[in-house]
Amino acid sequence: MKKIISILLVLVMVLSLTAVSFAEEAKNPVEGKRVAYVMLLPSATIFQMWKDSCADLCSALGVQFEFFFCDGDFNKWQDTIRTCASSGYDGLLLSHGNQDGSYVFLKEIREQYPEMNIVTFDTQFYTDGEYQKLEGVTQMFQQDKSLITVLLDEMVAKFGEGVRLVKVWRGPNYNSPFDRRQVGWEEYEKAGKIVTVGEVQPLTDSMDSANAVAAAYLQSLKREDIDGIIAYYDLYGQGVYNAIVENDNYNGKAGETLPMCSVDIDPVDITNMKTNPEIWYAAGTTDWTLNGEIGMRLLLLQMAGEYDKIYDPATGKYGVDYVEVPGSAILASSLKEDSTVENLANVAPDTYGKLEYLSVADWMPADLIHK
């Protein structure tokens, strides 16, 4: 009897030790850490969506979270990062850094504060005429190529292969997102899926400039020579939309309506798409709520030293330092009366906002804030 009791006691001890070991493995390694989201650009709806999901994830994991918008001022962005670094932040999620200056600046920050983790979004490291890498820094982007190709797919579906399109962008070598979007355009062009009628290049990054150059360009064309327009940026799209609305040869009053598509999305775009879905046909975008969570998960995994769990949904690879989020086409015809930028998941395709895009760990499951 004593022998049996002894055996049972040993089993209980083994099970207890196993339970303790498992608990230790699943223990949250980032609790109590301090992080911040530093955005170069002014606040906007999609960036607030990003910030809110970062805050929700950090709250669930007991991480202190702060955020800073820098009003498009690169000097303010740098000063904010320096202040955070010197104040002892454990990690920074940095967004939209200037391509020409970010590499040199962040390389210096990494050297001065090697224990502070950094993840960047939409920030290329460029110097001495080529793109660079920063050891220990994960770069995250929207998969810009797919933001264009999902729109081209819709135009091909509507008009057939060989659809005749005008592109609205600034480039080449104006900024890296446009250049990456151009890769998708060129692939479809070389495959014969699309025909480039011409291009429009706004003089400044403004709706008014895009409107002026698009309106003038449309005056030089005949409606029967063009099937659609693709704007590489939604602010350009807003200018193109107004140019079409104001021209009876293209707005449906004196012939067929000219459809257009844009990359990125905001509340103005949603309003225009619902008002004239035959004009603003579709928008290529990603789920900005999920984007924020993806970015923050990358940062927290770095802080935990679990680089092997960093996942790139574009390639399906783990342990990478370059992550891209696939794009989706939001069709104007799919929007409902109550559709907003925040609830696009209700009308978007299955590629939009998939939890499978998230990097996960035992202590940070995919459904942590998605109960």
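Everything numeric in this text was worked out from a predicted model, so none of it was measured.
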Heavy-atom neighbours of Asp350 CG exceed 12 at 6.0 Å = no
request  = State, with a plain yes or no, whether a side-chain heavy atom of Met140 is found less than 4.5 Å away from one of Ile294.
outcome  = yes
remark   = Tightest non-hydrogen contact, residues Ala283 and Leu151, listed as C-CD2, 3.7 Å
ask   = Rounded to the nearest 0.5 Å, how far apart are CE of Met273 and SG of Cys261?
value = 8.0 Å
request  = Taking all heavy atoms of Pro267 and all of Thr45, pick out the closest pair and write down the distance.
outcome  = CG-OG1, 3.4 Å
inquiry  = Keeping Thr340 on the side-chain end and Glu342 on the backbone end, is there a donor-acceptor pair under 3.5 Å?
reply    = yes
query = Hey, is the main chain of Ser339 close enough, under 3.5 Å, to the side chain of Lys274 for a donor-acceptor pair?
reply = yes
inquiry  = Distance alone, cut at 3.5 Å: any donor-acceptor contact between the side chains of Gln302 and Thr138?
reply    = yes
ask   = Which residue, Arg170, Lys167, Glu199, forms the side-chain contact (heavy atoms from CB on, under 4.5 Å) with Tyr232?
value = Lys167
ask   = Does the pair Gln99 and Thr123 meet the rule for a side-chain hydrogen bond (donor to acceptor under 3.5 Å, both in side chains), with working shown?
value = CA-CA 6 Å; Gln99 175 174 293; Thr123 303; over 6 Å; no
inquiry  = Using 30° and 60° as the class boundaries, would you call the ring planes of Tyr103 and Phe125 parallel, tilted or perpendicular?
reply    = tilted
key: Any side-chain heavy-atom pair of Leu106 and Val137 under 4.5 Å   = no
task = Check Thr351 against Gly327 and note the closest heavy-atom contact, atom names and distance.
result = OG1-O, 4.1 Å
key: For Ile148 against Trp185, the heavy-atom pair lying closest together   = CG2-N, 3.9 Å
Any His370 side-chain heavy atom under 4.5 Å of Glu293 side chain = yes
key: Donor-acceptor under 3.5 Å (Arg110 side chain, Glu135 main chain)   = yes
message = Treating Tyr241 as the side-chain partner and Ile279 as the backbone partner, does any N or O pair qualify as donor plus acceptor under 3.5 Å?
response = no
inquiry  = Can you confirm whether the side chains of Asn211 and Tyr236 place a donor and an acceptor under 3.5 Å from each other?
reply    = no
task = Determine yes or no for a side-chain-to-main-chain donor-acceptor pair under 3.5 angstrom, with Arg180 supplying the side chain and Val183 the backbone.
result = no
Among Ile270, Asp269, Val268, the one residue meeting side-chain contact (heavy atoms from CB on, under 4.5 Å) with Val341 = Ile270
ask   = Measuring from Leu300:CG to Lys33:NZ, what's the distance to the nearest 0.5 Å?
value = 11.0 Å
task = Report yes or no: do Tyr311 and Leu301 belong to one cluster of Ile/Leu/Val/Met/Phe/Trp/Tyr joined by side chain heavy-atom distances under 4.5 Å?
result = no
Point-to-point distance, once rounded to the nearest 0.5 Å, from CG of Asn175 to CG of Asp122 = 8.0 Å
Distance in Å, Arg223 CZ paired with Asp248 CG, rounded so as to fall on 0.5 Å steps = 13.5 Å
message = Applying a strict under-4.5 Å side-chain criterion to I, L, V, M, F, W and Y, I'd like to know whether Val150 and Val347 cluster together.
response = yes
message = Any carboxylate oxygen within less than 4.0 angstrom of a Lys/Arg side-chain nitrogen, looking at Glu161 and Lys193?
response = no
query = Counting N and O atoms only, with roles assigned by atom type, does the side chain of Asp90 sit under 3.5 Å from a partner on the main chain of Arg34, one being a donor and the other an acceptor?
reply = yes
message = I'd like to know if Leu344 and Tyr357 are part of one continuous hydrophobic network [Ile/Leu/Val/Met/Phe/Trp/Tyr, side-chain heavy atoms within less than 4.5 Å].
response = yes
task = Please confirm whether the backbone N or O of Gly171 pairs with a side-chain atom of Gln201, one donor and one acceptor, at under 3.5 Å?
result = yes
key: Short side-chain donor-acceptor distance under 3.5 Å, Gln238 and Asp266   = yes
key: ILVMFWY cluster, Val104 and Phe74 together (side-chain gap under 4.5 Å)   = yes
inquiry  = Can a side-chain donor-acceptor contact be found between Thr286 and Gln142 if the only test is distance below 3.5 angstrom?
reply    = yes
query = Is the Tyr233 to Trp169 ring centre distance short of 6.0 Å?
reply = no
Sub-6.0 Å ring centroid separation between Phe47 and Trp288 = yes
request  = State whether a side-chain donor-acceptor pair under 3.5 Å links Thr257 with Glu278.
outcome  = no
message = If you apply the rule side-chain contact (heavy atoms from CB on, under 4.5 Å), what do you find for Leu57 with Phe65, and how did you get there?
response = CA-CA 9 Å; Leu57 180 65; Phe65 171 74; over 6 Å; no
request  = Would you kindly say whether Trp280 and Ser262 are connected by a side-chain donor-acceptor distance under 3.5 Å?
outcome  = yes
inquiry  = Between Ser220 (side chain only) and Tyr217 (backbone N and O only), is there a donor and an acceptor less than 3.5 Å apart?
reply    = yes
request  = Could you check whether the rings of Phe68 and Tyr89 sit parallel, tilted or perpendicular, using 30° and 60° as the cut-offs?
outcome  = perpendicular
query = Distance only, no hydrogens: is a donor on one side chain within 3.5 Å (strictly under) of an acceptor on the other, for Ser86 and Arg82?
reply = no
task = Could you please spell out the steps behind the side-chain contact (heavy atoms from CB on, under 4.5 Å) verdict for Lys309 and Val360?
result = CA-CA 7 Å; Lys309 294 183 173 64; Val360 302; over 6 Å; no
ask   = If you measure only the distance, is there a donor-acceptor pair under 3.5 Å linking the side chains of Ser53 and Asp56?
value = no
Verdict with reasoning, Val323 to Gln139, per side-chain contact (heavy atoms from CB on, under 4.5 Å) = CA-CA 6 Å; Val323 173; Gln139 292 174 276; over 6 Å; no
ask   = Under 3.5 Å, side chain of Ser59 to main-chain N/O of Ala55, donor-acceptor pair present?
value = no
ask   = Between the side chain of Arg297 and the main-chain N/O of Ser359, is any donor-acceptor distance below 3.5 Å?
value = yes
query = Under 4.5 Å between side-chain heavy atoms, hopping through other hydrophobics if needed: is there a path connecting Ile310 to Phe141?
reply = no
query = Between Asp227 and Arg164, is the closest basic N to carboxylate O distance under 4.0 Å?
reply = yes
request  = Mind listing the closest non-hydrogen atom pair of Leu165 and Ile229 along with its distance?
outcome  = CD2-N, 4.4 Å
task = Identify whether the distance between the nearest side-chain nitrogen and carboxylate oxygen of Asp144 and Arg181 falls below 4.0 Å.
result = yes
task = State whether Asp179 and Lys145 are salt-bridged, where the test is any N-O pair (Lys NZ or Arg NE/NH1/NH2 against Asp/Glu carboxylate O) under 4.0 Å.
result = no
message = I'd like to know if Glu154 and Lys158 make a salt bridge, using a cut-off of under 4.0 Å between side-chain N and carboxylate O.
response = no
ask   = How close do Leu221 and Val197 get, heavy atom to heavy atom, and via which atoms?
value = CD2-CG1, 4.3 Å
query = In Å, rounded to the nearest 0.5 Å, how long is the span from OG1 of Thr289 to CG of Asn343?
reply = 10.0 Å
key: CE on Met296 to CG on Leu61, rounded to 0.5 Å   = 10.0 Å
ask   = Side-chain contact, heavy-atom cut-off 4.5 Å: Phe159 with Ile194?
value = no
task = Assess whether side-chain contact (heavy atoms from CB on, under 4.5 Å) is satisfied between Val163 and Val195, documenting all intermediate values.
result = CA-CA 6 Å; Val163 56; Val195 173; over 6 Å; no
task = Return yes when atom CD of Glu246 has more than 12 non-hydrogen atoms of other residues, nucleotides or ligands closer than 6.0 Å, and no otherwise.
result = yes
task = Classify the ring geometry between Phe67 and Phe69 as parallel (under 30°), tilted (30 to 60°) or perpendicular (over 60°).
result = perpendicular
